[in-house]
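When reading the values below, keep in mind they use all heavy atoms of this one structure, side chains included, and skip hydrogens, waters and symmetry mates.
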Amino acid sequence: MGSRRRQVLGVHAEDPVLSWIGPIGLALAAGTALIVDVRTRYLPGTKTLAQLMVDGPTLLDLSPGRRGVATIASGAMTGDQLTHAVEILAGRWPALVVRSDGKLWPGPTVPYRAILPGFLGPGAASPSVWQPATGVSVPSLPGPVLPRLGRRPVMAMLEGKTPQARRWVDSWRGIWEMPWA
């Protein structure tokens with residue numbers, strides 16, 4: 001991402017698994033990114049974004065220490081406090097991904113939805129990023145459809161590991177360039 005503009009984008013999914021893996025995919029596609037997790041208010045053994053803002057973040061807290069993906073829980077914040085904190089972080093990080101709860105984050109957000117079989121499939125659909133389940137035919141939908149994702153990469157991400165799903169991660173790159181409201 002070197003010379004590209006700094007980017008901030010939220011990801012919101014109703015599905016609990018997609019709500020975890022979507023922000024990871026978007027962050028991995030950016031190369032170096034911080035995931036601000038609004039859905040998980042606290043992560044064991046780490047400071048929250050709210051605590052950093054109260055304590056006064058150091059330069060080390062505000063910048064990536066290495067290439068890759070980092071995560072911080074939001075802690076107890078209002079929407080205005082979250083927006084202010086994200087603006088500060090965006091000045092130092094090449095990319096920020098907000099794991100949105102659909103309420104607190106007012107910024108641009110990618111809806112991430114599953115394509116499920118039969119009557120569980122999408123009805124009238126709004127533009128979204130679509131994730132087909134294994135073995136499901138992919139209907140014509142508004143928005144990009146990601147490659148199918150097997151069990152191993154999903155389990156790796158849920159365990160905090162980088163998935164061996166290069167095609168899937170690469171497919172998230174274009175999501176950064178799309179106009180999300």
- request: Can you establish whether the number of heavy atoms outside R152 located under 6.0 Å from its atom CZ is more than 12?
  value: no

Under a 4.5 Å cut-off applied to non-hydrogen side-chain atoms, are [X] and [Y] in contact?
X: I35; Y: V11; answer: no
X: P108; Y: V8; answer: no
X: L49; Y: M77; answer: yes
X: V98; Y: L9; answer: no
X: R148; Y: R167; answer: no
X: V110; Y: H12; answer: no

- request: Indicate yes or no: does R173 engage D170 in a salt bridge with an N to O separation below 4.0 Å.
  value: yes

So which pairs with a foot in [range] pass salt bridge (Lys or Arg N to Asp or Glu O under 4.0 Å), sequence neighbours left out?
range: residues 11-30; value: none
range: residues 22-35; value: none
range: residues 73-90; value: none

- request: With sequence neighbours left out, write down each residue that passes side chain to side chain contact (heavy atoms under 4.5 Å, CB included) with L34, or none if nothing qualifies.
  value: V36, A70, I72, L89, W93, L96

What pair of heavy atoms forms the shortest contact from [X] to [Y], and how long is it?
X: S100; Y: W105; result: OG-CB, 4.1 Å
X: Y112; Y: I21; result: OH-CD1, 3.9 Å
X: P163; Y: V169; result: CG-CG2, 4.4 Å
X: T32; Y: R66; result: CG2-O, 3.9 Å
X: L104; Y: P106; result: O-CD, 3.2 Å
X: P144; Y: I175; result: CG-CD1, 3.4 Å

From CH2 (W130) to CG (L146), nearest 0.5 Å: 11.5 Å

query: Can you name the side chain to side chain donor-acceptor pair (under 3.5 Å) partners of S19, sequence neighbours left out?
result: R99

- request: Just jot down the side chain to side chain donor-acceptor pair (under 3.5 Å) partners of D101, sequence neighbours excluded, or say none.
  value: none

- request: Decide whether V54 and V86 are clustered together by the hydrophobic rule: side chain heavy atoms of Ile, Leu, Val, Met, Phe, Trp, Tyr closer than 4.5 Å, transitively.
  value: no

Test item: [X] side-chain N/O and [Y] main-chain N/O as donor-acceptor pair under 3.5 Å:
X: E177; Y: G174; result: no
X: W176; Y: L26; result: yes
X: Q51; Y: T48; result: yes
X: Q81; Y: M53; result: no

